[in-house]
Protein chains: 2
Amino acid sequence: MSDEEDTGRAADVMVRRIALSIQTGELKDGQTLPAERDLMEQFGLSRAVVREAVATLSNKGLIETRPRHRPVVRKPGYDTAFGALESIVTCLLQEQGGVKNLFDTRIMIEAMLVREAAKNAGKSDIAALKAALDANQETVEDSDAFYLTDTEFHRVLYQIPGNPTLPALHRAYTSWLAPHWSKMPRLPERNELNYQSHLAIFEAILMRDPDAAEAALRAHLSEAWLQVKETFGDL
Amino acid sequence: MSDEEDTGRAADVMVRRIALSIQTGELKDGQTLPAERDLMEQFGLSRAVVREAVATLSNKGLIETRPRHRPVVRKPGYDTAFGALESIVTCLLQEQGGVKNLFDTRIMIEAMLVREAAKNAGKSDIAALKAALDANQETVEDSDAFYLTDTEFHRVLYQIPGNPTLPALHRAYTSWLAPHWSKMPRLPERNELNYQSHLAIFEAILMRDPDAAEAALRAHLSEAWLQVKETFGDL
DNA sequence: AGCTCAACTTTGGTCCGACCAAAATTCACG
DNA sequence: CGTGAATTTTGGTCGGACCAAAGTTGAGCT
């Protein structure tokens, strides 16, 4: 009665066994899995099952497969996690209110982030924020460059708490919302307004005023949402 | 030059085509996919490739497969999204600081939630919170029941903003942290303390005092984290 | 006609053996 | 010793086959 999970499809059993080996560290990051033909011998299964299992593990992000190369164990990072959501999020964004639901969570998260920053940001955090802000100002005239420095400013916010999940979340947000964001008209005057918003947020953080920081952030993102709604009639 | 994405493995092409059909609504929720043998004819591919594609789509949560049944298109909900993360999160929780990273995000989220509640909770929200709180108090003596009402109280917090992603996030949190949580000692006296924490949060929300609500929530969850750290030596 | 249960069909799960192309490896030859 | 061709490895694809369980059909009984 050692193994209680021999149930289900053979491929699933195999996936569980290998996934467990990875999770327990028995298979370390970077290590290569045996070739498919070796795996079918080790597990006593057909190649079809082995291939399905390997494909499943690859989909789950636990291994990395390249044509004509052995699968490489890849202990997943936080980005891998969000990456696995891509197709499903694409679906969710399509339906009524999907984009707004996602964007609302972003507003909530960033509202919290600026509060945290106002309360706990250290000297280096402030410096990073200032640097991002300056770069932001310098690119007001170049909309493409501004988009990058804009993203970078927000990224710094996600980085301040020192929790690795947050920068990954930021990358996920920018990636998922990019289709809408990139289609929006970009004008130097809009950039200037956005820069002013960033400046207001920064100053509130500098003043150690969480409420002001949150208010500025909410105003900033709410304005951004209005622009999105203006560009896309639907929600 | 209509289809630009015929590249990559045949199974991937097939996955993209079907995923696109689902995302565009061409294949609606609940609709059944053709049988594997029909798909191999439609796509002109071998059954092995078809099976791999179907398995991949199933892993992504876009379809639902049952033995001896045709795949059912399943327009994924927010829970499906978090469900797809299970194995990868299991990996992330295993590594150094993984649990703390996740729990910290939970603290941040719930801190924001109680602030929102204090600012914007409607009458029905307050009533739901009160009901959950009362149920919580009544189960102080029964640790198993208390665990449920405890979870329920927090769930109401995630429900108040009306964003469907949040309840799904709550379910994900409870599911992912359950292994650690359920192993913790449960005592009526601890339950009582937790109830008092909930009460403090509730009263702060009632008073429309976001700062007090956040402080109470942070005290509550920080205490919970201390208990976790006490039970598990590692982080 | 209505119902029951056995026979048949469908369908996913599994296995086998085979071929291909590209990459890695080996090795003979200059 | 270096180099390029032959060999091996390996993932990707194919076709056919069998099984078991679910659904479907239909004959026979009431």
Side-chain angles (χ1 to χ4, degrees), chain A residues 3-19 21-22 27-74 76 80 87, chain B residues 3-19 21-22 27-74 76 80 87:
Chain A
D3 278 354
E4 39 189 342
E5 288 298 351
D6 285 5
T7 65
R9 302 192 327 242
D12 290 338
V13 178
M14 194 171 161
V15 167
R16 274 198 296 268
R17 293 246 319 249
I18 296 182
S21 295
I22 295 177
L27 288 172
K28 287 160 199 163
D29 185 68
Q31 204 166 341
T32 74
L33 241 51
E36 292 181 358
R37 288 169 176 81
D38 293 331
L39 284 175
M40 56 186 284
E41 193 178 351
Q42 290 182 23
F43 285 84
L45 294 170
S46 73
R47 185 134 170 259
V49 176
V50 170
R51 281 187 57 76
E52 183 176 334
V54 169
T56 299
L57 288 169
S58 176
N59 284 327
K60 287 175 180 284
L62 296 183
I63 65 177
E64 212 173 49
T65 63
R66 289 181 319 178
R68 279 161 294 286
H69 285 271
R70 314 250 278 273
V72 176
V73 174
R74 179 176 152 147
T80 316
S87 60
Chain B
D3 278 353
E4 39 189 342
E5 288 299 350
D6 284 7
T7 66
R9 302 190 332 244
D12 291 337
V13 178
M14 193 170 162
V15 166
R16 273 198 295 269
R17 293 246 320 246
I18 296 182
S21 294
I22 295 177
L27 289 172
K28 289 163 199 161
D29 184 71
Q31 204 167 340
T32 72
L33 240 51
E36 292 181 359
R37 287 168 177 82
D38 293 331
L39 284 175
M40 54 186 284
E41 193 178 351
Q42 290 182 22
F43 285 83
L45 294 171
S46 73
R47 187 139 168 252
V49 176
V50 171
R51 280 189 57 76
E52 183 176 333
V54 169
T56 299
L57 288 168
S58 176
N59 284 327
K60 287 175 179 285
L62 296 182
I63 65 176
E64 213 172 47
T65 64
R66 289 181 320 180
R68 280 160 295 287
H69 285 271
R70 313 251 277 276
V72 176
V73 174
R74 180 176 151 147
T80 316
S87 59

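When reading the values below, keep in mind they use all heavy atoms of this one structure, side chains included, and skip hydrogens, waters and symmetry mates. Below, read A as the first sequence line, B as the second, and so on, with proteins coming before strands; counting in each chain starts at 1.
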Check: 5' to 3' on DNA chain D, which nucleotides open and close the contacts with chain B (atom under 4.0 Å from a heavy atom)?
Finding: D:dG12 to D:dG23
Next item on the list: Please state how far atom CE in A:M14 lies from atom P in C:dT14, giving the value in whole angstrom units.
Entry: 12 Å
Checklist line | Separation of B:L39 CG from B:R51 CZ (nearest 0.5 Å) | finding: 12.0 Å
Next item on the list: Name the nucleic acid region contacted by B:P34, choosing base, sugar-phosphate or nothing; use a 4.0 angstrom heavy-atom cut-off, strictly under.
Entry: nothing
Report each atom pair, protein N/O against N/O of nucleotides 15-18 of chain C, whose distance is under 3.5 angstrom.
residue, atom, partner, partner atom, Å
C:dC15, OP2, A:S46, N, 3.1
C:dC15, OP2, A:S46, OG, 3.3
C:dA18, N6, A:R47, NH1, 3.4

Check: Are any side-chain N or O atoms of A:S58 and backbone N or O atoms of A:V54, one a donor and one an acceptor, separated by less than 3.5 Å?
Finding: no
Item checked: Separation between CG of A:L33 and OG of A:S21, rounded to the nearest 0.5 Å -> 9.0 Å
Next item on the list: Rounded to the nearest 0.5 Å, what's the gap from CD on B:E52 to CE on B:M14? Could you check?
Entry: 10.5 Å
Notebook entry, point to check: Can you tell me how far CG of A:L57 sits from CD1 of A:I22, rounded to the nearest 0.5 angstrom?
Noted result: 6.0 Å
Notebook entry, point to check: Measuring from A:I18:CD1 to A:K60:NZ, what's the distance to the nearest 0.5 Å?
Noted result: 12.5 Å
Notebook entry, point to check: Passes side chain to side chain contact (heavy atoms under 4.5 Å, CB included), A:R70 versus A:D38? Steps please.
Noted result: CA-CA 11 Å; A:R70 314 250 278 273; A:D38 293 331; 5.5 Å; no
Check: Nearest nucleotide by nearest heavy atom, which residue falls closer to the 5' end of DNA chain C, A:R68 or A:E52?
Finding: A:E52
Checklist line | Stems involving DNA chain C, each a run of at least 3 consecutive Watson-Crick or G-U pairs under 3.5 Å | finding: C:1-30 with D:1-30
Next item on the list: Output the distance between atom CG (B:L27) and atom OG1 (B:T32), rounded to the nearest 0.5 Å.
Entry: 9.5 Å
Next item on the list: Can you see which heavy atom on B:P34 is nearest to which on B:P71, and at what distance?
Entry: O-CD, 4.2 Å
Next item on the list: Compare every heavy atom of A:A53 with every heavy atom of A:A11, then report the nearest pair and how far apart it is.
Entry: O-CB, 3.9 Å
